[in-house]
Trainee: 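Just passing along the structure, written as structure tokens.
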Amino acid sequence: MKIHEYQAAQLFQKAGIPIVEGTITTTVDEAVQAASGLGYPVVLKSQVLVGGRGKAGGIKVVKSEEELHEKYAQLSQLSIKGYQVKKIYVVRAIDIRKEFYLAAIVDSANDDIVLIASSEGGVEIEETAKTNPDAIKKYYLQGDREIDAQRFAPFIRSVFDTPELQEQGQTVFAGLLKTFFDNDCSLAEINPLVIDGSGTIYAADAKINLDDNALDRHEDLAALRDMDYEEPDEIEAKEKNLSFVKLDGNVGCIVNGAGLAMATMDIVKLCGGNPANFLDVGGSSNPEKVLNALKIILRSPDVRAILINIFGGITRCDDIAAGILEARRQMDLPVPLVIRLTGTNEAEAKEMLTKEGVETFSTMREAVEKVVALAN
Ligand code: GDP
Ligand code: MN
């Protein structure tokens, strides 16, 4: 889950990282008030959960109240990568002398957490990686979560060249790791970390991605979720204990087990189709789940046919069949269902369905070929 810059900045500040003073606003009046408290010039920063706001014109320095009115109105009209700007963070403008890049990231390929720093900040790190890879320094934690100044000293010296900066750098690194661990982040990034005219370091941007699987132990953070960036169908699916991801094809998929769900999507593709979703009804079978899954999938107008692919273990095929029959009673199914059931209580399930005139398949290949033909 992503959180906004102003929220991430608060987490950084709590961990001891100097941030730029600012106020979050939703109206120009709030912004005028914030700016008069901070003193001009101020920077207006669009709060959208996508990167590259600067390039998209979402960051504006303003020198007077008159200019603030004009630029605030412009930003309020702006949409960045399809997301309308709804909140604007008003911060004190800093006289930036140099920009650095700093991040702690989960590196899953290496089973580790890596600290990345660069004296070429402000631009996208991917760009620096291409043009000047030597400017990017990496430090792998190698499983050691201790935040020990001694340990990081050589790394900090490789990024900052004066003792004054190194000392401040140490505070920032320690705060970055503390933020990262305390909040179960998958990414904590400061780009740019800036030095002003007096040689003081500040985090001038703040980006944090939280590990969704850890949100259960961070109620306060889970509450920061911005629904403007969530698929409504995915939210509803989560409430109904279904693991659902919307995709852009036309073959709806209802499967039990994440592995089988992924394999099913692969085979749909292999047979020339395109999945409309990933959906795992989970291990325990409850007819209600099939009903809910069908309702959510059918909300998409693109869906032309639905494949139900069940490998019965803990999931009982007869429970799934009951769900399918209940769905047929409750709603008018606008698209064909193709059903493949095998495993626990398969015979009972097939009998229940056949009695009602519903065809079933035993192998995945037959069922997938059928559903793709129907969808196409
Ligand atoms: P991003 O483009 O979404 O990463 O947004 P940033 O917050 O990183 O802002 C983009 C750029 O705007 C930064 O790299 C800075 O060059 C500039 N910027 C941001 N805040 C300030 C500020 O307080 N003063 C000045 N002069 N420039 C700023
Ligand atoms: Mn940035």
Side-chain angles (χ1 to χ4, degrees), residues 1-4 7-8 47-51 79-84 86-87 106 108 183-187 207-269 273-310 315 320 323-324 327 330-331 333-335 337 371 375:
M1 179 181 118
K2 293 177 178 178
I3 59 174
H4 287 289
Q7 298 165 329
Q47 298 297 289
V48 284
L49 293 178
V50 290
S79 89
I80 301 177
K81 296 179 186 164
Y83 292 102
Q84 180 63 43
K86 291 186 178 169
K87 286 184 183 154
V106 170
S108 40
N183 302 292
D184 288 306
C185 298
S186 52
L187 169 106
K207 182 171 173 182
I208 285 181
N209 294 352
L210 301 163
D211 179 350
D212 283 318
N213 293 315
L215 282 174
D216 278 346
R217 52 183 185 220
H218 301 287
E219 249 177 66
D220 47 337
L221 297 178
L224 302 181
R225 189 181 292 279
D226 185 337
M227 290 304 175
D228 285 350
Y229 295 82
E230 304 290 324
E231 278 286 345
D233 291 348
E234 290 180 12
I235 298 166
E236 189 185 333
K238 191 175 272 174
E239 283 163 4
K240 307 222 152 114
N241 278 317
L242 299 166
S243 171
F244 172 84
V245 180
K246 196 167 158 46
L247 299 168
D248 51 18
N250 59 9
V251 178
C253 299
I254 298 179
V255 189
N256 70 312
L260 184 60
M262 286 197 276
T264 303
M265 289 161 50
D266 282 348
I267 295 179
V268 166
K269 280 261 188 194
N274 248 319
N277 65 279
F278 166 98
L279 192 150
D280 171 12
V281 289
S284 74
S285 47
N286 165 352
E288 184 84 14
K289 278 195 175 179
V290 178
L291 192 64
N292 290 333
L294 280 169
K295 282 183 186 160
I296 290 171
I297 289 176
L298 285 170
R299 215 167 286 149
S300 159
D302 299 331
V303 172
R304 295 271 170 275
I306 296 175
L307 171 66
I308 300 182
N309 185 18
I310 303 298
T315 306
I320 299 288
I324 295 168
Q330 284 195 22
M331 50 183 168
L333 290 170
V335 301
L337 299 184
V371 80

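For the single chain, residues carry numbers from 1 onward in sequence order.
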Trainee: For the atom pair CG (Asp280) and CE (Met262), what is the distance rounded to the nearest 0.5 Å?
Mentor: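 Separation between the atoms: 9.5 Å.
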Trainee: Testing Val255, Asn256, Ile254, Val268 one by one against Asn309 for a side-chain contact (heavy atoms from CB on, under 4.5 Å), which residue passes?
Mentor: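 Of Val255, Asn256, Ile254, Val268, side-chain contact (heavy atoms from CB on, under 4.5 Å) with Asn309 is met by Val255 alone.
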Trainee: Identify which one of Ile308, Leu242, Asn292 satisfies the side-chain contact (heavy atoms from CB on, under 4.5 Å) criterion when paired with Val281.
Mentor: Leu242
Trainee: So, taking the atom named CG in Leu187 and the one named CG in Asp211, what distance separates them when rounded to the nearest 0.5 Å?
Mentor: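 Reported value, rounded in 0.5 Å steps: 12.0 Å.
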Trainee: Going by heavy atoms in the side chains, are Leu333 and Leu298 under 4.5 Å from each other?
Mentor: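 Heavy-atom side-chain distance check passes, below 4.5 Å.
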Trainee: Quick check for you: to the nearest 0.5 Å, what is the distance between Leu221 atom CG and Asp216 atom CG?
Mentor: 12.0 Å
Trainee: Looking at every non-hydrogen atom in both residues, tell me the closest pair between Arg225 and Lys238 and how far apart they are.
Mentor: NH2-NZ, 4.0 Å
Trainee: Begin from the C-alpha positions of Asp302 and Asp248 and carry the test side chain to side chain contact (heavy atoms under 4.5 Å, CB included) through to its verdict.
Mentor: CA-CA 8 Å; Asp302 299 331; Asp248 51 18; 5.9 Å; no
Trainee: Within a radius of less than 6.0 Å around NZ of Lys86, do more than 12 heavy atoms belonging to other residues, nucleotides or ligands occur?
Mentor: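 Open.
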Trainee: At their closest point, which heavy atom of Met1 faces which heavy atom of Asp212, and how far apart are they?
Mentor: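 Closest heavy-atom pair between Met1 and Asp212: N-OD1, 3.2 Å.
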Trainee: Would you call Arg299-Glu236 a salt bridge at under 4.0 Å N-O?
Mentor: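 A salt bridge links Arg299 with Glu236.
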Trainee: Walk me through it: do Leu210 and His218 pass the test side chain to side chain contact (heavy atoms under 4.5 Å, CB included)?
Mentor: CA-CA 10 Å; Leu210 301 163; His218 301 287; over 6 Å; no
Trainee: Of Leu49, Asp226, Val48, which meets side-chain contact (heavy atoms from CB on, under 4.5 Å) against Tyr83?
Mentor: Val48
Trainee: Provide the closest heavy-atom pair for Lys246 versus Glu234 in the form atom of the first, atom of the second, distance.
Mentor: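 Taking Lys246 first and Glu234 second, the nearest heavy atoms are N-OE2, 3.0 Å.
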Trainee: What's the spacing between Leu291 CG and Ile324 CD1 if we round to 0.5 Å?
Mentor: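 So the gap between those two atoms works out to 11.0 Å.
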Trainee: Looking at CD1 of Ile320 and CD1 of Ile310, how far apart are the two atoms once the value is rounded to the nearest 0.5 Å?
Mentor: 4.0 Å
Trainee: Between Asn274 and Lys269, which heavy-atom pair has the shortest distance, and what is it?
Mentor: OD1-NZ, 3.0 Å
Trainee: Using a 3.5 Å distance criterion without hydrogens, assess whether the side chain of Asn277 forms a donor-acceptor pair with backbone atoms of Cys253.
Mentor: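 Yes; judged by distance alone, with no hydrogens or angles, the pair exists.
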Trainee: Looking only at heavy atoms, which two atoms of Ala214 and Asp184 are closest? And how far apart?
Mentor: CB-CB, 3.4 Å
Trainee: To the closest 0.5 Å, what do you measure between CG (Asn250) and CD1 (Ile306)?
Mentor: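 Spacing of CG (Asn250) from CD1 (Ile306) equals 11.0 Å.
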Trainee: Considering non-hydrogen atoms only, spot the tightest contact between Ile208 and Cys185 and give its length.
Mentor: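 Scanning both residues, the minimum pair turns out to be CG2-SG, 3.7 Å.
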